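Step one of this worksheet: look at the structure below.
Quick caveat, the model's predicted, so the values are computed rather than measured. Values reported hereafter were calculated over all heavy atoms of this structure, with side chains retained and with hydrogens, waters and symmetry mates removed. The sequence lines fix the lettering, A, B, ..., with proteins before strands; numbering per chain opens at 1.
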Amino acid sequence: MARSRTLKLATFNINGIGARLPQLLAWLEQARPDIVALQELKATDAAFPAAELEQAGYGAIWQGQRSWNGVALLGRGTVPVESRRGLPWDRSDTQSRYLEAAIHGIVVGGLYLPNGNPQPGPKFDYKLAWMRRLYRHAATLVDLPHPVALVGDFNVVPTDEDIYDPTGWRKDALLQPEVRGEYARLLAQGWTDALRRVHGDARIYTFWDYFRQHAERDRGLRIDHLLLNPVLAARLVDAGVDRSVRLQPKASDHAPTWVTLRTSGATRRRKA
DNA sequence: ATGTCCCGGATGCCGGGA
């Protein structure tokens with residue numbers, strides 16, 4: 001029996017799963033990802049469309065919240081095996097922003113990092129505190145002998161090469177040096193930023209705001225990231241952004257962002 | 001400051017968040 005050579009792992013900030021379920025289902029059918037992390041569900045647990053996703057062939061776990069935030073993990077033909085709900089070290093944090101599970105043999109941490117605007121202010125402080133908690137938790141994952149991915153909307157523009165024009169965004173929380181420093185510190189644990197690894201210095205964006213036809217003009221930001229631990233990075237084949245999804249009617253302001261990974265145990269492809 | 005879109009309250013728009 002033929003087996004697929006690769007797994008596709010995607011992250012997608014859906015910006016309201018209630019308003020965009022048809023678009024989500026259409027993308028799942030077309031792109032056929034094996035693993036999906038969703039952010040900004042903007043739906044309560046009860047409103048999560050588990051039945052529709054199951055009908056589409058996906059098992060799911062989710063952590064909803066009224067109006068804001070909310071994350072989910074999907075597995076094609078399987079139900080994710082949950083390993084963590086929320087980051088450790090702050091029981092007072094009730095925002096639904098982190099969900100972790102084993103899916104198709106990969107430990108996937110799906111995250112929706114706080115936006116942090118306006119800065120300075122309490123929201124920015126919360127963002128930095130959240131990043132430091134993520135750093136501590138990621139340190140327990142990076143060197144595991146298992147494949148691990150941290151994926152989601154990081155709300156971090158890592159460098160000025162990751163935005164169409166940084167000048168108008170200089171005071172934005174997504175570009176602040178402290179935030180970039182925390183992201184760099186995280187990568188330095190040993191994580192591979194998959195989009196950058198595959199595309200080098202090429203301009204590549206994952207988010208285009210709703211203003212001034214920025215999507216059509218490709219004036220975007222790269223803020224959705226897929227970080228792979230060394231075990232998983234060794235299996236990286238390709239990475240990309242499904243930008244056409246962003247150009248459709250009633251689109252989310254983010255596009256699905258994905259990697260393909262050699263199946264565990266698969267032999268390295270050789271040139272004919 | 002602006003631009004646009006989603007969500008929820010108790011709307012026939014507004015505030016909050018992004």
Checklist entry - Can you tell me if the side-chain N/O atoms of A:Lys123 get under 4.0 Å from OP1 or OP2 in B:dG17? => result yes

Checklist entry - Over how many whole Å does the gap from A:Asp172 atom CG to B:dG3 atom P extend? => result 18 Å

Item to check | Nearest-nucleotide pick for A:Arg66, side chain only, options being B:dG8, B:dG16, B:dC5 | outcome: B:dG8

Item to check | Ion pair A:Asp90/A:Arg132, N-O distance below 4.0 Å | outcome: no

Checklist entry - For A:Asp153 and B:dG17, what is the distance between atoms CG and P respectively, to the nearest whole Å? => result 17 Å

Checklist entry - Would you say the side chain of A:Arg212 and the base of B:dT2 hold a donor-acceptor pair, judged only by whether the two atoms sit under 3.5 Å apart? => result yes

Next on the checklist: Once you measure the plane-to-plane angle for A:Phe154 and A:Tyr183, does it fall in the parallel (<30°), tilted (30-60°) or perpendicular (>60°) bin?
Outcome noted: perpendicular

Item to check | Between C1' of B:dG15 and CH2 of A:Trp68, the distance in whole Å | outcome: 9 Å

Next on the checklist: Measure CG/A:Asn115 against C1'/B:dG16 and give the value in whole Å, please.
Outcome noted: 13 Å

Checklist entry - When you measure from the side chain of A:Ser67, which nucleotide among B:dC6, B:dG8, B:dA18 comes out closest? => result B:dG8

Next on the checklist: Looking at A:Gln248, I'd like to know if its CD atom is crowded, meaning that more than 12 non-hydrogen atoms belonging to other residues, nucleotides or ligands lie closer than 6.0 Å.
Outcome noted: yes

Next on the checklist: Would you measure the distance from the C1' atom in B:dA10 across to the matching atom in B:dG15 and give it in whole Å?
Outcome noted: 14 Å

Checklist entry - Distance between the C1' atoms of B:dT2 and B:dC7, in whole angstroms? => result 22 Å

Item to check | Interatomic distance where CG belongs to A:Leu113 and P belongs to B:dG17 [whole Å] | outcome: 17 Å

Checklist entry - Say you draw a straight line from NE2 of A:His254 to CG of A:Leu38; how long is it, rounded to the nearest 0.5 Å? => result 12.0 Å

Next on the checklist: Roughly how many Å apart are B:dT11 and B:dC6, using the C1' atom of each and rounding to a whole number?
Outcome noted: 15 Å

Item to check | Integer angstrom distance from the P of B:dC13 to that of B:dA1 | outcome: 28 Å

Checklist entry - Rounded to whole angstrom units, what separation is found between the CZ atom of A:Arg97 and the P atom of B:dA18? => result 7 Å

Next on the checklist: For the CZ atom on A:Arg91, are there more than 12 heavy atoms of other groups (residues, nucleotides or ligands in this structure) within a distance under 6.0 Å?
Outcome noted: no

Next on the checklist: Both A:Tyr210 and A:Gln95 contact DNA chain B. Which one's nearest nucleotide lies toward the 5' end?
Outcome noted: A:Tyr210

Checklist entry - For B:dC6, does either OP1 or OP2 sit under 4.0 Å from a side-chain N or O belonging to A:Arg20? => result yes

Next on the checklist: Does the plane of the ring in A:Trp62 sit parallel, tilted or perpendicular to the ring in A:Phe48? Use 30° and 60° as the thresholds.
Outcome noted: parallel

Checklist entry - If we take the P atom in both B:dG3 and B:dG9, what is their distance in whole Å? => result 27 Å

Checklist entry - Looking at A:Lys250, does any N or O in its side chain come under 4.0 Å of the phosphate oxygens OP1/OP2 on B:dC6? => result yes

Checklist entry - So what does A:Phe207 touch, heavy atoms closer than 4.0 Å: a base, only the sugar-phosphate, or nothing? => result nothing

Next on the checklist: From NZ of A:Lys42 over to P of B:dT4, roughly how many Å is that when rounded to an integer?
Outcome noted: 16 Å

Item to check | Spacing of A:Asp224 atom CG relative to B:dA18 atom C1', expressed in whole Å | outcome: 13 Å

